[in-house]
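In each ligand, atom 1 is the first atom listed, and ligand 1 is the first ligand listed.
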Amino acid sequence: MSKNIVLIGFMGSGKSAVAKKLAQKLKLKFVDLDKAIEEKEQKPITEIFSQKGEGHFRRIEKDMVKEVSAKDAQVIACGGGVALDPENIANLRQQGSLIYLKASPEAIFNRTKGKKHRPLLNVGQPEKKIEELLKFREAFYAQADYTVETSNLSVEEVANEIIKILKR
Ligand code: S3P
């Protein structure tokens, strides 16, 4: 059995790009939770939020976490809100190492600006929203087994750092 590698952290911290790169390097399956939800629901996350609300999205997300956590040998990119639910963390931990991809509010703003697929950041002052949400969420992300500061690293560098950490 090969354990899962689970990437958590804020929107724009590079979870999906790094997970894809890591999966290639380690010959593991790449799973993007948001993509899996969109495929299952046959609609983009913005539409799930606008038609049925965030609560509904969180229920679907929780089911998807449970489903994916039951398998192994995967690199899993989680949506930014996954870590806020203790049951999600417990499920992902069962056979996974949790890695927090940390990024500064400035790096997050630069990476997310101009992109419209994240309903929580489609607001008048995204910089302010990022700061508020990040402050509230930091303690949840810090439950990870390891933290990698990604603000000044490329996708390749973050992937290599994770490989180094997991080899220790
Ligand atoms: C969310 C992050 C998004 C997506 C949804 C909600 C959040 O995923 O799950 O828009 O609550 O932080 P990314 O972190 O991949 O952008």
Side-chain angles (χ1 to χ4, degrees), residues 4-23 29-69 74-92 96 98-144 146-151 153-155 158-159 162:
N4 293 325
I5 302 172
V6 181
L7 305 188
I8 63 171
F10 205 78
M11 297 170 264
S13 57
K15 295 166 296 201
S16 299
V18 171
K20 198 169 184 180
K21 177 69 75 185
L22 259 182
K29 188 176 176 217
F30 163 58
V31 178
D32 189 299
L33 275 182
D34 285 340
K35 288 267 149 39
I37 292 168
E38 290 184 330
E39 273 162 31
K40 191 167 179 186
E41 294 296 304
Q42 297 278 299
K43 59 180 76 152
I45 283 166
T46 44
E47 251 173 59
I48 305 177
F49 265 69
S50 63
Q51 291 172 358
K52 303 225 166 145
E54 182 173 349
H56 180 75
F57 171 76
R58 296 300 173 199
R59 285 189 286 279
I60 309 173
E61 185 177 57
K62 193 165 181 155
D63 289 343
M64 189 55 78
V65 166
K66 220 177 269 172
E67 191 179 319
V68 169
S69 301
Q74 315 165 97
V75 185
I76 305 168
C78 295
V82 163
L84 276 68
D85 184 313
E87 259 180 73
N88 286 343
I89 291 284
N91 281 327
L92 290 162
L98 268 56
I99 320 256
Y100 169 27
L101 300 194
K102 190 169 177 164
S104 66
E106 295 74 26
I108 289 168
F109 177 64
N110 284 324
R111 291 173 187 167
T112 55
K113 69 179 172 206
K115 303 207 171 111
K116 288 280 160 245
H117 66 282
R118 294 182 174 101
L120 296 178
L121 298 184
N122 290 340
V123 294
Q125 289 182 285
E127 297 102 312
K128 206 164 152 230
K129 183 81 181 175
I130 289 167
E131 270 190 31
E132 282 169 12
L133 275 179
L134 197 53
K135 208 181 245 173
F136 175 74
R137 291 178 169 190
E138 180 65 37
F140 294 93
Y141 297 142
Q143 298 174 92
Y146 309 98
T147 297
V148 178
E149 169 55 68
T150 70
S151 301
L153 298 185
S154 66
V155 168
V158 177
I162 294 172

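Among protein heavy atoms, atom 10 (O) of ligand 1 sits closest to P119 CD, 3.6 Å. R118 NE, 2.6 Å is the protein heavy atom nearest to atom 16 (O) of ligand 1. Taking atom 3 (C) of ligand 1 as the reference point, the nearest protein heavy-atom neighbour is D34 OD2, 3.5 Å. Looking from atom 12 (O) of ligand 1 to the surrounding protein, the closest heavy atom is R137 NH1, 2.7 Å.
Checked by distance only, ligand 1 and R58 come closer than 3.5 Å through their nitrogen or oxygen atoms. An N or O contact shorter than 3.5 Å links G80 to ligand 1 by distance.
Each of the following atoms of ligand 1 lies closer than 4.0 Å to a heavy atom of K15: 13 (P), 14 (O), 15 (O). Under a 4.0 Å criterion applied to the non-hydrogen atoms of L120, ligand 1 contributes the atoms 7 (C), 11 (O). Applying the 4.0 Å criterion to heavy atoms of G79 picks out, from ligand 1, the atoms 8 (O), 9 (O), 14 (O). Which parts of ligand 1 touch F57 is read off a 4.0 Å heavy-atom cut-off, strictly below it: atoms 9 (O).
Under 4.0 angstrom from ligand 1, there are no non-hydrogen atoms of L133.
A distance-only check finds no donor-acceptor pair linking the side chain of E127 to the backbone of F109 [under 3.5 Å]. Using modelled atom types, one side-chain atom of R137 and one backbone atom of G80 make a donor-acceptor pair closer than 3.5 Å. In this structure, N122 contributes its side chain and K116 its backbone to a donor-acceptor pair below 3.5 Å. Not a single donor-acceptor pair under 3.5 Å links the side chain of N91 to the backbone N or O of K66.
Partners of K128 by side-chain hydrogen bond (donor to acceptor under 3.5 Å, both in side chains), not counting sequence neighbours: none found.
Between K40 and E67 there is a salt bridge, since a side-chain N of the basic residue sits under 4.0 Å from a carboxylate O of the acidic one.
Partner of V65 under the side chain to side chain contact (heavy atoms under 4.5 Å, CB included) criterion, out of I76, V6, L33: L33 alone.
Comparing L33, I45, L7 against atom 5 (C) of ligand 1, the shortest heavy-atom distance belongs to I45.
Looking only at atom types and distance, the side chain of E149 has no donor-acceptor partner in the side chain of T147 under 3.5 Å away.
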